[in-house]
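Quick notes on the structure that follows.
Because only heavy atoms are used, hydrogens play no part in the values below, and waters and symmetry mates are left out as well, while side chains stay in. Model, not experiment: these values are computed from the prediction.
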Amino acid sequence: MNAINHNLIINCTDISVFDAFNGEYSKKAIEICSLLQEFQIRIVCVCESPYAKELMVENDAFGYYMEVNSGKASNANAEIIVNPTMCDRLGLTDREMLAAVAHEVGHIMFYFHTEKDKYNGNIEEMICDSYACRMGLKDEMISLLKKMVESGEYSQNQVKQFKLRINYINLI
């Protein structure tokens, strides 16, 4: 499949900003992880995902689900789950939502990382942030994390992790 013509994202929401991801970022994502050209990722609202209850907590604005049947990327079932209410509460801009989608695509890329078992949760988050930065959304990723820090929606431990991620992004 030709990465230039591959629509990585299927937008199953009424949030039009997600339609822009294919034109601006799919090719960049596929350049980072060529296996992404073998399947498509659906973006769905939290109320439409059968996986949301087990994967997301109330203050998650975005999450992801990934399953690969018989070990082949072409058999992947991938979903990015968005909670529009939380996006509104955080006051996310369109560009920040694209950064969040790029970060979640990063988790799907990370699924194929050959040494993923060596990394703990926060290292995975930083790697996914770096993927979003490589796609050209560094400033937006920082802005998104700052809004999460300042929102009052998260625990002290979560805020500490968000600040560590911001510091990491500033170094790359």
Side-chain angles (χ1 to χ4, degrees), residues 1 3-113 116 121 124-125 127-137 140-141 143-145 147-148 151 153-154 158 162 165:
M1 195 173 289
I4 294 172
N5 298 322
H6 181 64
N7 284 329
L8 178 61
I9 300 293
I10 300 171
N11 183 5
C12 300
T13 74
D14 60 359
I15 304 170
S16 60
V17 68
F18 301 139
D19 295 324
F21 192 90
N22 285 322
E24 295 183 51
Y25 303 104
S26 284
K27 182 180 179 211
K28 293 174 184 177
I30 291 167
E31 286 172 358
I32 297 168
C33 178
S34 63
L35 291 172
L36 292 176
Q37 66 190 330
E38 295 186 30
F39 60 95
Q40 293 179 301
I41 303 166
R42 291 176 315 286
I43 296 184
V44 299
C45 286
V46 67
C47 60
E48 301 292 323
S49 173
Y51 313 107
K53 286 187 190 224
E54 68 184 81
L55 298 173
M56 295 179 69
V57 295
E58 186 177 324
N59 64 359
D60 282 340
F62 288 83
Y64 80 99
Y65 173 80
M66 180 70 183
E67 174 184 41
V68 177
N69 298 315
S70 67
K72 295 171 121 178
S74 59
N75 293 334
N77 178 18
E79 206 173 81
I80 293 173
I81 306 163
V82 60
N83 181 340
T85 302
M86 195 63 211
C87 291
D88 289 343
R89 283 179 26 198
L90 291 170
L92 299 184
T93 66
D94 287 354
R95 301 280 304 161
E96 290 163 341
M97 287 195 288
L98 287 172
V101 169
H103 172 89
E104 298 304 328
V105 169
H107 280 290
I108 293 166
M109 289 183 213
F110 188 80
Y111 183 91
F112 296 106
H113 196 290
K116 68 182 177 189
E124 178 179 344
E125 293 299 322
I127 290 169
C128 295
D129 291 342
S130 73
Y131 290 147
C133 294
R134 287 173 63 187
M135 286 184 242
L137 291 160
E140 293 82 354
M141 196 69 231
S143 177
L144 165 63
L145 288 166
K147 285 184 177 181
M148 292 169 72
S151 70
E153 298 280 347
Y154 301 94
Q158 287 173 304
F162 299 150
R165 289 169 58 192

- Query: Would you find more than 12 non-hydrogen atoms of other residues, nucleotides or ligands less than 6.0 Å from Glu54 atom CD?
  - Reply: yes

- Under 3.5 Å donor-acceptor, Asp60 side chain and Val57 backbone: yes

- Have Arg89 and Asn59 got a donor and an acceptor in their side chains that come within less than 3.5 Å? no

- Should the pair Phe110 and His113 be assigned to parallel (<30°), tilted (30 to 60°) or perpendicular (>60°) ring geometry? tilted

- Query: Checking Glu96 side chain against Thr93 main chain: does a donor-acceptor pair fall under 3.5 Å?
  - Reply: yes

- Query: Which word best sums up how the rings of Tyr64 and His107 line up, parallel for under 30°, tilted for 30 to 60°, or perpendicular for over 60°?
  - Reply: parallel

- Query: Under 3.5 Å, is there a donor-acceptor pair between the side chain of Asn7 and the main chain of Asn22?
  - Reply: no

- Given Cys12 and Glu48, is the side chain to side chain contact (heavy atoms under 4.5 Å, CB included) satisfied, shown in steps? CA-CA 9 Å; Cys12 300; Glu48 301 292 323; over 6 Å; no

- Item | Backbone N/O of Gly91 and side chain of Lys147: donor-acceptor pair under 3.5 Å | yes

- Task: Output yes when a side-chain donor or acceptor of Asn11 lies under 3.5 Å from a complementary backbone atom of Thr13, and no otherwise.
- Result: yes

- Message: Has Ser143 got a side-chain atom pairing as donor or acceptor with Glu140's backbone, closer than 3.5 angstrom?
- Response: no

- Query: Is a side-chain N or O of Asn83 found less than 3.5 angstrom from the main chain of Val46, in a donor-acceptor match?
  - Reply: no

- Message: Side chains of His6 and Gln40 only: does a donor on one sit below 3.5 Å from an acceptor on the other?
- Response: no

- Message: Parallel, tilted or perpendicular: which one describes the rings of Tyr51 and Tyr65, with boundaries at 30° and 60°?
- Response: parallel

- Message: Give me the atom names and distance for the closest heavy-atom approach of Pro84 to Cys45.
- Response: CG-SG, 3.8 Å

